[in-house]
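When a residue number appears, it is its place in the shown sequence, counting from 1.
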Amino acid sequence: MTLNSNVIKVSSNVITKLIAIIGLGLILFSLSILLIVPPASNYEFSIYNSYPFYFWLTLISSFIIGSSILAIIGFNDENSNNQWIFGLLIILIVNSILLFMPFIRGYLNFGLADVLTHIGFMKDIIRTGYVSYSNMYPLDHILGVILHFLSGLSLQDITMIIPVLFSFFFIVSFYLLSTIFFVKKSERLILLIFSSILLFGYTHMDFAPNPQAFMILPFFLYLVFKNITFKTDWNFSFLLILLSMLIALFHPLISIIMIFLLIFFKGFFWILKEKLNAGSIFFYKKLNNPLFVSIILFFSWSSYVYVMIRTINPILQTILGSSETVSEFQRYSNLLGEANVDIFYTIRLFFNIYGQEIILVLLSFICLIYISLKLLRNDKIPYFILISLSLFISLFISSILMFFINGSFGFGRILSCALLFSLIIIPSTFLLMKSDLMIKPKFMIIILLIILVGLIWFSTFNLYYSPIVKSTNFQVTRSEYSGMITFYENRDDSFQILEYGLSQDRLYDAIYGRDYPRKNVYYNREYFKLVPPDHFNYCFNNTLGTTYQDIKYFIFTNQGIYFGQTVYPEFPEKWRFAPADFERLNYDQTVQKIFFNGNLDIRLIE
């Protein structure tokens, strides 16, 4: 019997080593492709089209192999087996390739909209030496400026590095969290598998206060559980207070979520200890100080109060029936109605955009059913599963309500916070099922790998914005950046600027600073009408100049020219502009070409 056991143990070690060799071999193959394919020379609509399909398939396979090593060790309770390091190494290398892809492709920076404005805020801090009143979320910008001075890297590079650092800190934080929930190292690996997948899409790539604050939440949860469930010294209490202060200054929404979590934790453990007499090991009163500090900071930071009022106002108006704000549900319904698409197209697009979220929500509800059945049988459930389920349900319902009644910010931000707890619920319930139902490890591994294939597939192919999710790549090219510098230095600032395919306001922010004086530079809102009329009014007039009474600039890029045919090739009748319309500009006597560098095209409309 001992001999058989040893044979099984040896074969298990051999299998994990062989799998690790295959995984590392696939990574080397992927790296060789990265070396062969040159970086982007101009704007590209999709990162995914820059490499052959088998490159992405190789990365996905490598990640699954790394996860399978962790699963084999985790479900077989091999606590002394250190080969999990190879599995984690493979996962981290794949994540590094994916997260640093904008660097690898040679982008100036990654982020067309808010990221450019955040660069502007950092330039304001460097130029003036202080944080201006208009900078409502300064902590991310201060961090960026510090790293800029310490490293000597450009601000554009900094915006592509900081999100990667926070994404890896997210994984580390979840592992720390698992040390509180599980005694066995093997069990922690199952939670590590889920938390290491890039499940939150562009949030992992976006340099902005909300994504960075979101990535800190697992560490915040770790400190909360550590303070409540252990008789810790003052260091952990101080860390929790300090982190609460930092999150409060990062972003108002995450600050509100944090305050909600502190109140929820305090109430949950008070009921568990005082009302249910469930032991005296919980130190929930240690949450008082971070809760008070968070509330005071939130309301003392005047811009947060403004943001809160601006956000709550349309929600209340919607509830009272007097709102003119269009909810996300209405907006999506209108778009699908105008496109007149069939149900299969809608389902396919829905999975392309929200595939991993759908899988996580379905799994979380399956876990909810299983835990509910155990509660009906009066079985004991670990407290962290109960609190995670409660928070998942609360936040998920809140996100659905926001989807139907709110249009001021994306419901996905609250949904992401709900899914944060699904990363605790799902692996923990899987381990419970294995123990309760006496399921063999190999069956648990197979089930887990099937789930992981779906999660990794969708999370890989919606990590970057692309035509797959009906969007354009968020690449900012050197040609449009340098071209806009030349334009702003030589333009007549008495002329209004029309635009398509780029933002004059955002690029001005990135070049000069958000608070730098500007004239006739605007953000494209409906009342400014900075985009020319559809098809340049050639359906009604022979020239574009007859549409306007004064002289205007018109700036556009390849992204604007080929947007319709690349992102929505199936709906040519819905395109605002076709390449033929831009070609006709070359023969329009009222339109003069004054600048072109292969991407950025600047015309003067007379």
Side-chain angles (χ1 to χ4, degrees), residues 113-114 136-137 199-204 206 208-217 220-221 247-248 250-264 294-295 298-299 303-337 346 349-365 368 388-423 425 462 465 469-471:
D114 287 356
M136 293 189 291
Y137 324 125
L199 292 166
F200 299 97
Y202 183 62
T203 301
H204 292 281
D206 188 14
N210 182 272
Q212 269 78 81
F214 173 78
M215 290 293 164
I216 297 175
L217 279 179
F220 168 76
L221 293 174
I247 292 178
F250 248 114
H251 196 273
L253 177 62
I254 302 300
S255 182
I256 291 172
I257 295 292
M258 178 187 65
I259 292 170
F260 165 73
L261 291 177
L262 288 170
I263 294 172
F264 194 99
S294 302
I295 293 173
F298 182 89
F299 285 101
S303 59
Y304 280 11
V305 178
Y306 166 74
V307 170
M308 184 178 68
I309 294 171
R310 190 181 65 184
T311 302
I312 292 176
N313 187 49
I315 296 174
L316 293 176
Q317 288 180 347
T318 302
I319 295 172
L320 297 173
S322 59
S323 174
E324 296 180 359
T325 303
V326 178
S327 69
E328 288 192 83
F329 172 74
Q330 291 173 306
R331 187 162 59 248
Y332 287 141
S333 298
N334 293 339
L335 286 173
L336 292 173
T346 305
L349 179 59
F350 192 67
F351 270 90
N352 284 344
I353 299 174
Y354 299 111
Q356 66 267 35
E357 286 92 341
I358 295 170
I359 294 173
L360 289 176
V361 168
L362 290 176
L363 289 174
S364 297
F365 276 103
L368 173 62
S388 297
L389 273 172
S390 303
L391 286 167
F392 168 78
I393 294 169
S394 302
L395 292 167
F396 178 74
I397 292 174
S398 300
S399 70
I400 297 301
L401 290 174
M402 291 298 101
F403 180 67
F404 285 100
I405 68 174
N406 169 61
S408 55
F409 65 88
F411 81 102
R413 292 183 177 185
I414 298 180
L415 178 61
S416 294
C417 292
L419 296 179
L420 200 65
F421 292 96
S422 72
L423 300 184
I425 297 165
N462 61 28
Y465 283 108
V469 295
K470 296 303 171 190
S471 180

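Residues Thr203 and Pro211 come closest through the heavy atom pair O-CB, 3.6 Å.
Here the CG-OG distance, from Leu419 to Ser364, works out to 7.0 Å after rounding to the nearest 0.5 Å. Between the CZ atom in Phe220 and the CG atom in Leu420 there is a gap of 11.0 Å [rounded to 0.5 Å]. The structure places CG of Leu199 at 8.0 Å from CD of Glu357, a figure rounded to the nearest 0.5 Å. Atom CD1 of Ile247 sits about 13.5 Å away from atom CD1 of Ile256, to the nearest 0.5 Å. We find the CG-OG distance between Leu391 and Ser398 to be 10.5 Å, quoted to the nearest 0.5 Å. The line from CD1 of Ile425 to CG of Leu389 is 4.0 Å long, rounded to the nearest 0.5 Å.
For an aromatic pair to be called close, the ring centres must be under 6.0 Å apart, and Phe421 with Phe392 fails this.
Side-chain contact between His251 and Gln212 is absent, with no heavy-atom pair separated by less than 4.5 Å. Side-chain contact between Ile254 and Arg413: absent, with no pair of heavy atoms (C-beta onward) separated by less than 4.5 Å. Residues Ile257 and Phe214 have side chains not in contact (no heavy-atom distance under 4.5 Å, counting atoms from C-beta outward).
With hydrogens and angles ignored, the 3.5 Å screen pairs no side-chain donor or acceptor of Asn462 with any backbone N or O of Gly201.
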Taking it one step at a time, do Leu261 and Leu221 satisfy side-chain contact (heavy atoms from CB on, under 4.5 Å)?
CA-CA 9 Å; Leu261 291 177; Leu221 293 174; 4.2 Å; yes
Step by step, work out the side-chain contact (heavy atoms from CB on, under 4.5 Å) result for Cys417 and Leu217.
CA-CA 9 Å; Cys417 292; Leu217 279 179; 4.2 Å; yes
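Ring-plane geometry between Phe396 and Phe365 is classed as perpendicular, the angle between the planes exceeding 60 degrees on a 0 to 90 degree scale with a lower cut at 30.
Environment of CZ in Phe264: crowded, with over 12 heavy atoms of neighbouring residues, nucleotides or ligands closer than 6.0 Å.
Ile397 pairs with exactly one of Ile400, Leu395, Leu401 by the side chain to side chain contact (heavy atoms under 4.5 Å, CB included) rule, that one being Leu401.
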